[in-house]
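Note on naming: letters A, B, ... go to the chains in the order of the sequence lines (proteins, then strands), and numbering restarts at 1 for each one. Computed from a prediction, not measured in an experiment: that's the story for all the values here.
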Amino acid sequence: MLDIKFIRENVDIVKNAIKVKGVSCDLDALLKLDEKIIANKTEVQGYQEKVNALSKQIPVASDDDKKKMVEESKNYGDKIKALEKEIEPDLKKYNALLMSVPQIPDPSVPVGADDSENVVIKTNGEITKFDFQPRDQMELTELNDWVDFDHIAKVSGARIYALKGELARLEVALHMYVLDKLAKKGFRQISCPSLCKIDALFQAGHFVGDDPSVMDNDVYKIEKDELCLAGTSEIIINALHQGEILNEDDLPVLYAGYSPCFRREAGAAGKDTRGLVRVHQFMKVEEFVICKNDIEESKKWHQVLQNSMEELCADMNIPCHVLEACTGDMGFNKIYMTDVEAWVPSQNKYREVSSTSTIGDFQARRTKLRYRENATGKVQYCHTLNSTGVATPRFLVAFIENNQNADGSVNIPEKLRPYMGGVEKIGGKK
RNA sequence: GGAAGAAUGGCAGAGUGGUUGAAUGCGACGGUCUUGAAAACCGUUUUGGGGGCAACUCCAACGGGGGUUCGAAUCCCUCUUCUUCCGCCA
């Protein structure tokens with residue numbers, strides 16, 4: 001959500017954002033409604049002022065005067081009711097429109113329509129070379145009996161998996177490794193629920209507008225209890241501090257959220273249907289930052305978050321590169337977004353393993369999360385950022401493919417060994 | 001799942017129809033005193049919005065929404081959340 005004042009004063013900038021993000025939003029209609037609502041409000045307030053004045057006089061007035069005053073006040077009351085009723089539909093339209101105004105992308109963001117126009121800004125490590133024919137994720141997991149797709153499909157359906165044996169251990173080890181690293185950087189670990197109310201989804205600002213049906217493709221809903229399964233703990237953490245006014249000294253607030261994540265993937269039919277890349281449920285460590293309302297501060301944290309995935313790839317011997325998302329691919333609520341993509345040898349390309357987003361005050365406005373500035377005593381909206389710490393099983397695909405040996409075993413990089421009981425490799429032909 | 005109670009400012013906590021945006025205490029901030037600190041004393045201390053160059057002024061908000069009333073923190077309805085007791089349970 002943007003500040004209506006900002007929108008009024010920066011119509012061109014907002015219109016441009018709507019255009020480059022490819023969002024549909026009738027800004028002129030919004031501004032027109034804004035004017036109408038303000039005029040209505042001013043009129044209502046005038047009458048309210050009169051009602052208030054009379055209310056103060058009535059208790060001390062003589063019986064005769066009292067009668068007249070009550071009559072007069074009643075009159076104003078009727079006018080107020082009429083005006084409020086008149087503006088009600090406009091107010092609804094106004095709110096819906098305001099919710100459909102996107103965050104303004106940073107001026108540095110490349111303009112583009114979709115992910116094909118994202119820009120590689122950095123490449124880390126050499127593409128993994130093998131002196132044997134490397135196996136793909138399916139072959140590796142089959143050979144080592146690391147994943148059950150077939151049986152579990154009968155139990156739970158498509159795009160579901162069960163990790164088994166050493167790979168299941170590896171998953172836990174990776175999460176522990178990342179959580180440990182984040183703890184050392186000052187992130188507070190939080191094990192999050194996946195269940196949340198619909199409000200929390202809109203507060204996070206992933207969806208355009210305020211209509212629950214827009215998220216039908218993405219989100220699991222439990223109709224009976226009016227709850228959803230969150231696709232990321234970002235949603236829960238963002239909503240956690242709603243309505244609060246923090247002290248500036250409390251900032252930044254750093255969270256390492258840990259939770260199961262759920263995605264319907266209904267819009268992704270045919271994409272990555274085999275294997276562990278695109279699944280309905282996965283485990284994720286999510287980094288979430290609440291900081292001061294200062295774009296430079298946000299940029300600093302963006303680098304910290306992005307670096308954490310670059311470091312993880314380096315630590316796990318996985319080549320990666322960093323993409324700057326273009327305006328059309330970056331999402332409705334974002335100022336700046338970078339993705340880290342890890343090298344997947346069998347696909348001969350880089351695949352997304354993390355996404356870091358600078359949100360500005362967009363989410364904080366929706367959650368009403370603010371802080372008091374030390375210097376001025378003024379109340380400001382916080383900035384929020386989020387990033388993937390590690391998400392499995394997707395990250396495991398790059399992990400096992402890049403670290404594989406000719407016999408189908410997979411090397412455990414040195415830094416991870418303490419989390420894997422010291423073993424140097426897992427799997428392989430017996 | 002059943003029963004009862006509760007939700008007020010940063011926190012605690014008064015207030016059950018009329019100058020109550022809200023007593024009091026704590027905390028925080030500013031000041032007096034002090035070499036400094038503490039204590040004591042004095043003062044300040046919610047947010048959002050409208051109008052005004054400004055001093056300032058008006059409106060709204062006591063969990064959310066709706067209603068009754070000339071007038072609601074206070075009465076009614078509804079939703080949400082929390083607490084306690086019973087039941088169930090990893």
Worksheet item: Looking at SG of A:Cys313 and CZ of A:Phe399, how far apart are the two atoms once the value is rounded to the nearest 0.5 Å?
Response: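 One finds 11.0 Å between SG of A:Cys313 and CZ of A:Phe399.
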Worksheet item: Going 5' to 3' along nucleotides 47-52 of chain B, which nucleotides have protein heavy atoms under 4.0 Å from the base (write B), which only from the sugar-phosphate (write S), and which from neither (write -)?
Response: SSBS--
Worksheet item: Closest approach of A:Ile152 and A:Ile160, non-hydrogen atoms and distance?
Response: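 What the structure gives for the nearest pair is CG2-O, 3.5 Å.
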Item to complete: Could you tell me which non-hydrogen atom of A:Met1 sits nearest to which non-hydrogen atom of A:Met99, and how far apart they are?
Response: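 Heavy atoms of A:Met1 and A:Met99 come nearest at SD-SD, 4.2 Å.
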Worksheet entry | A:Phe288 and A:His241 aromatic centres sub-6.0 Å |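 For A:Phe288 and A:His241, the ring centres are not under 6.0 Å apart.
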Return the value, rounded to whole Å, for the distance between atom [atom1] of [X] and atom [atom2] of [N].
X	N	atom1	atom2	answer
A:Lys68	B:G71	NZ	P	20 Å
A:Met69	B:G18	CE	P	18 Å
A:Glu88	B:G65	CD	C1'	12 Å
A:Gln242	B:G64	CD	P	13 Å
A:Glu248	B:G10	CD	C1'	16 Å
A:Glu43	B:C58	CD	C1'	15 Å
A:Asn95	B:G65	CG	P	12 Å
A:Asp249	B:G10	CG	P	17 Å

Worksheet entry | Pair assignment for RNA chain B - dot-bracket with | for other-strand partners, Watson-Crick or G-U under 3.5 Å | ((((((((.[[[..)..(.....]]]((((((.......))))))((((((....)))))).[[[[[..)....]]]]])))))))....
Worksheet item: At under 4.0 Å between heavy atoms, what does A:Lys66 touch on the DNA or RNA strands: base, sugar-phosphate, or nothing?
Response: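 No contact.
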Item to complete: Remember a base hit wins even if backbone is also touched, and classify A:Leu54 as base, sugar-phosphate or nothing at under 4.0 Å, heavy atoms.
Response: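 Since no nucleic acid heavy atom lies under 4.0 Å of A:Leu54, the category is nothing.
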[X]-[Y] side chain donor-acceptor pair, cut-off 3.5 Å:
X	Y	value
A:Ser354	A:Thr388	no
A:Ser233	A:Lys284	no
A:Glu324	A:Tyr336	yes
A:Tyr177	A:Asp315	yes

If we take the [atom1] atom in both [N] and [M], what is their distance in whole Å?
N	M	atom1	value
B:A38	B:G51	P	46 Å
B:C62	B:A23	C1'	14 Å
B:U68	B:A3	P	30 Å
B:U80	B:U47	P	31 Å
B:C33	B:A39	C1'	11 Å
B:U19	B:A28	C1'	30 Å
B:A72	B:C79	P	24 Å
B:G71	B:A14	P	30 Å

Worksheet item: So A:Tyr381 and A:Asp3, side-chain hydrogen bond (donor to acceptor under 3.5 Å, both in side chains) or not? Walk me through it.
Response: CA-CA 11 Å; A:Tyr381 285 100; A:Asp3 185 1; over 6 Å; no
Worksheet item: Between B:U19, B:G71, B:U68, which one does the side chain of A:Lys81 approach most closely?
Response: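 Of B:U19, B:G71, B:U68, B:U68 is nearest to the side chain of A:Lys81.
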Worksheet item: A:Lys197 has a side chain; which of B:G18, B:U80, B:U19 sits nearest to it?
Response: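 Selected nucleotide (nearest to the side chain): B:U80.
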Discussion item. Any non-hydrogen side-chain atom of A:Leu174 less than 4.5 Å from a side-chain atom of A:Met316?
Written reply: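 A side-chain contact under 4.5 Å exists here.
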Worksheet entry | Residue closer to the 5' end of RNA chain B, A:Lys56 versus A:Gln48 (nearest nucleotide) |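 Per heavy-atom nearest nucleotide, the more 5' residue is A:Lys56.
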Worksheet item: Under 4.0 Å: is that the gap between some side-chain N or O of A:Asn52 and OP1 or OP2 of B:C59?
Response: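 So the side-chain polar atoms of A:Asn52 do come within 4.0 Å of the phosphate oxygens OP1 or OP2 of B:C59, strictly under.
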Discussion item. Given 3.5 Å as the limit, does a donor-acceptor pair link the side chain of A:Arg159 with the main chain of A:Arg278, or not?
Written reply: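 Yes; judged by distance alone, with no hydrogens or angles, the pair exists.
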